[in-house]
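First up is the structure itself, then whatever we jot down about it.
All of these numbers come straight from a predicted model, not from anything done at the bench. Chain letters run A, B, ... following the sequence lines, proteins first, then strands; residues in each count from 1.
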There are 2 protein chains.
Amino acid sequence: MSEDGNAVRTPGPEMETVHLLRRVSVEFGLRQGEFAARHGMHPTDVRALICLLDAARSGTPATAGWLGAQLGLNSAGTTALIDRLVRLGHLTRVRDTDDRRRVLLAVDARAVELGQEFFGPWLTGMVELLRTFDAREAAAVRRFLLGAHAALAREDGGAA
Amino acid sequence: MSEDGNAVRTPGPEMETVHLLRRVSVEFGLRQGEFAARHGMHPTDVRALICLLDAARSGTPATAGWLGAQLGLNSAGTTALIDRLVRLGHLTRVRDTDDRRRVLLAVDARAVELGQEFFGPWLTGMVELLRTFDAREAAAVRRFLLGAHAALAREDGGAA
DNA sequence: CACATTACCTCGCTGAGCGAGATAAAATAG
DNA sequence: CTATTTTATCTCGCTCAGCGAGGTAATGTG
């Protein structure tokens, strides 16, 4: 049944919602690209900034290798990416004093501003929309997104 | 208060959910990249296939220009992208008989299979998760995603 | 029929990201 | 305490995705 060619053609309300989530992701990628172009960056640079800001938010120490893994880049590409962000003044390399092989990435305040300029309005809109939800509805949204994240986190999607 | 530097540091359950959606989008992008690498394609090629399958699903006629707009590419890049997909046998160029300037993009059955191979497991997991939701919860998820999509569709996010 | 517009393609170039391999610090063995 | 392995990052050379500029059909307009 998983190889049923008609699978994409059986709509159903659930499928509709899933496609909507996918659509949101696509749209999100487009906004990233526009933001990148507007600031003389490449889409990857913006994605890197996003990861770095997330890391800062959650207190995860961001190293070069970690960033590369987040973005699916090899070490050469990661070095080039960091060079670009450093050149633009968004990032500073800081040798880890505990393990001096490691390079910690310190996000500049300017990059944080850029991130908020990018996410701010959208984020605010989303938050305000969520405030119109009652507790059970908000929990449902959270539960769905957690499930989606979990499904995507394992690359086989849960089935071979 | 919108320029409050502490905005990202005031968690709140709503903010958490919004960050989760963002995280899902990032993860989604990573899966695309992995799928692309596994099939000798580039991330953009996969995104193109996604757009083309969406267009096919909704009956939108997919032209070269339309695809370029969807992906934020200029005409030269779009031509190169289509050449790549044609060379891989995922796509066929078909001159529109009504307006012979236009090139319609016919997605090959093989590409549809690839798309389902990619989305299938994940899609199924999501749909099954949604089936555990009651009507109001499912509606809440849909409402949130619609709102997110609407916010992202206007590049200023609804505020300057 | 001229003339503007639209839709796509060709050409040449820049640079993002890859593979291979170097280097340096840390962990482990002997 | 030296030799070896492992880990984390960087350097070098190359390929090819995507851009800008410009060309060529097809369509629409007076």
message: Taking salt bridge (charged side-chain N to carboxylate O under 4.0 Å, His left out) as the cut-off, I'd like each qualifying pair that reaches into residues 65-83 of chain B, sequence neighbours left out, listed once.
response: B:D83-B:R93
task: Could you check which residues of residues 42-51 of chain B get a heavy atom under 4.0 Å from DNA chain D? Sort them by number, please.
output: B:H42, B:T44
message: I want to confirm an ordering. Mapping A:G77 and A:T97 to their closest nucleotides on DNA chain C, which one lands closer to the 5' end?
response: A:G77
query: Base, sugar-phosphate, or nothing: which does B:D98 touch, judged by heavy atoms less than 4.0 Å apart?
result: sugar-phosphate
- request: Quick one: label B:G72 by what it contacts on the DNA or RNA (base, sugar-phosphate, nothing), any heavy atom closer than 4.0 Å.
  value: sugar-phosphate
Residues forming a salt bridge (Lys or Arg N to Asp or Glu O under 4.0 Å) with [X], sequence neighbours excluded:
| X | value |
| --- | --- |
| A:R136 | B:D134, B:E137 |
| B:R84 | B:D45 |
| A:R142 | none |
| B:D99 | B:R101 |

field: For A:H42, ring-ring contact (aromatic ring centres under 6.0 Å, His included) partners two or more places apart
entry: none
- line: Applying ring-ring contact (aromatic ring centres under 6.0 Å, His included) to A:F28 and not counting sequence neighbours gives A:W122
statement: Correct closest heavy-atom pair for B:P43 and B:A36 would be N-CB, 3.8 Å
task: Would you kindly give the CD-to-P distance between A:E34 and D:dC19, to the nearest whole Å?
output: 13 Å
statement: To the nearest angstrom, the CE-P distance between B:M41 and D:dG18 comes to 12 Å
query: Taking only residues two or more places apart in sequence, or in another chain, which ones meet B:A148 in a side chain to side chain contact (heavy atoms under 4.5 Å, CB included)?
result: A:V24, A:M126, B:L21
query: Does a side-chain N or O from B:N74 land closer than 4.0 Å to OP1 or OP2 of D:dG18, or not?
result: no
query: Which nucleotide span of DNA chain C, 5' end to 3' end, has atoms closer than 4.0 Å to non-hydrogen atoms of chain A?
result: C:dA16 to C:dA26
Considering only distance and modelled atom types, tabulate donor-acceptor pairs under 3.5 Å from the side chains of residues 102-112 of chain A, sequence neighbours left out.
residue: A:D108; atom: OD2; partner: A:R110; partner atom: N; Å: 2.9
residue: A:R110; atom: NH1; partner: A:E113; partner atom: OE1; Å: 3.2

Using a cut-off of under 3.5 Å, enumerate the N/O to N/O pairs linking the protein to nucleotides 7-11 of chain D.
residue: D:dT7; atom: O4'; partner: A:R101; partner atom: NH1; Å: 3.3
residue: D:dT7; atom: O2; partner: A:R101; partner atom: NH1; Å: 3.1
residue: D:dT9; atom: OP1; partner: A:A64; partner atom: N; Å: 3.3
residue: D:dT9; atom: OP1; partner: A:V103; partner atom: N; Å: 3.1
residue: D:dT9; atom: OP2; partner: A:G65; partner atom: N; Å: 2.6
residue: D:dC10; atom: OP1; partner: A:R93; partner atom: NH1; Å: 2.7
residue: D:dC10; atom: OP2; partner: A:T79; partner atom: OG1; Å: 3.4
residue: D:dC10; atom: OP2; partner: A:R93; partner atom: NH1; Å: 3.1
residue: D:dC10; atom: N4; partner: A:S75; partner atom: OG; Å: 2.5

query: Would a distance-only check, ignoring hydrogens and angles, find a side-chain to backbone donor-acceptor pair under 3.5 Å from B:R31 to A:L152?
result: yes
